[in-house]
Asker: 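Below you'll find the structure I mean.
Just so it is clear: chains get the letters A, B, ... in the order the sequence lines come, proteins before strands, and each one is counted from 1.
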There are 2 protein chains.
Amino acid sequence: METIGWLAAVLTTFSFVPQAIKVIRTKETSSISLWMYSIFTLGISFWLVYGLMIGSVQMTLANLVTLVLAIIILRAKIKNG
Amino acid sequence: METIGWLAAVLTTFSFVPQAIKVIRTKETSSISLWMYSIFTLGISFWLVYGLMIGSVQMTLANLVTLVLAIIILRAKIKNG
């Protein structure tokens with residue numbers, strides 16, 4: 001069961017890597033939703049706070065990585081439209 | 001603390017709604033990463049299984065909603081390129 005949880009965490013966290021690479025490389029973000037990444041970044045910030053509050057190292061680390069990736073994508077969207 | 005967790009869950013789950021609406025409306029998915037949504041959909045499927053296994057109704061429901069939204073975006077990406 002723990003393996004399923006770890007697989008889930010690793011896959012959802014690192015799924016944002018190819019999207020971040022794509023927007024950095026192409027500077028093309030027209031079909032990406034500004035609303036999605038605004039709300040998502042806020043949500044992940046809350047997950048990070050929650051992870052810290054419950055003292056979960058895994059949760060804190062996973063959400064820290066996701067937050068950095070989400071900010072890269074959000075920043076590119078704001079910059080390139 | 002529970003409120004932070006709930007806020008985080010609601011925000012990250014529903015952040016995918018504007019992206020799903022955007023791809024349905026515009027049929028434009030060129031800057032969306034196929035890799036991201038392929039890996040993310042798989043990851044959310046594992047979170048759904050994990051939620052069911054640990055018997056968490058909130059986790060199961062949140063991941064079910066996210067899975068449906070992720071599949072809508074992934075399907076549009078595969079169809080429109």
Asker: Quick one: what part of B/Thr26 sits under 4.5 Å from any heavy atom of chain A, side chain, backbone, both or neither?
Answerer: neither
Asker: With hydrophobic residues grouped by side-chain heavy-atom distances under 4.5 Å, do B/Leu52 and B/Leu64 end up in a single group?
Answerer: no
Asker: Any residues in residues 5-17 of chain A near chain B, with a heavy-atom distance under 4.5 Å, and which are they?
Answerer: A/Gly5, A/Leu7, A/Ala8, A/Ala9, A/Leu11, A/Thr12, A/Ser15, A/Phe16
Asker: For residues B/Val68 and B/Ile24: do they belong to one hydrophobic cluster (side chain heavy atoms under 4.5 Å, members Ile, Leu, Val, Met, Phe, Trp, Tyr)?
Answerer: yes
Asker: Quick check on the interface: out of B/Trp47, B/Tyr50, B/Tyr37, who has the most heavy-atom pairs with chain A under 4.5 Å?
Answerer: B/Trp47
Asker: CD1/A/Ile54 to CD1/B/Ile4 distance, rounded to the nearest 0.5 angstrom?
Answerer: 12.0 Å
Asker: Counting distance only, does the side-chain N/O of B/Gln19 pair as donor-acceptor with the main-chain N or O of A/Ser31 below 3.5 Å?
Answerer: yes
Asker: With a 4.5 Å cut-off on side-chain heavy-atom distances among I, L, V, M, F, W and Y, is there a chain of contacts connecting A/Phe40 to B/Ile21?
Answerer: yes
Asker: Do B/Leu61 and B/Leu48 belong together in a cluster built from hydrophobic side chains that touch within less than 4.5 Å?
Answerer: no
Asker: With rounding to the nearest 0.5 Å, note down the distance linking CE in A/Met36 to CD1 in B/Ile32.
Answerer: 8.5 Å
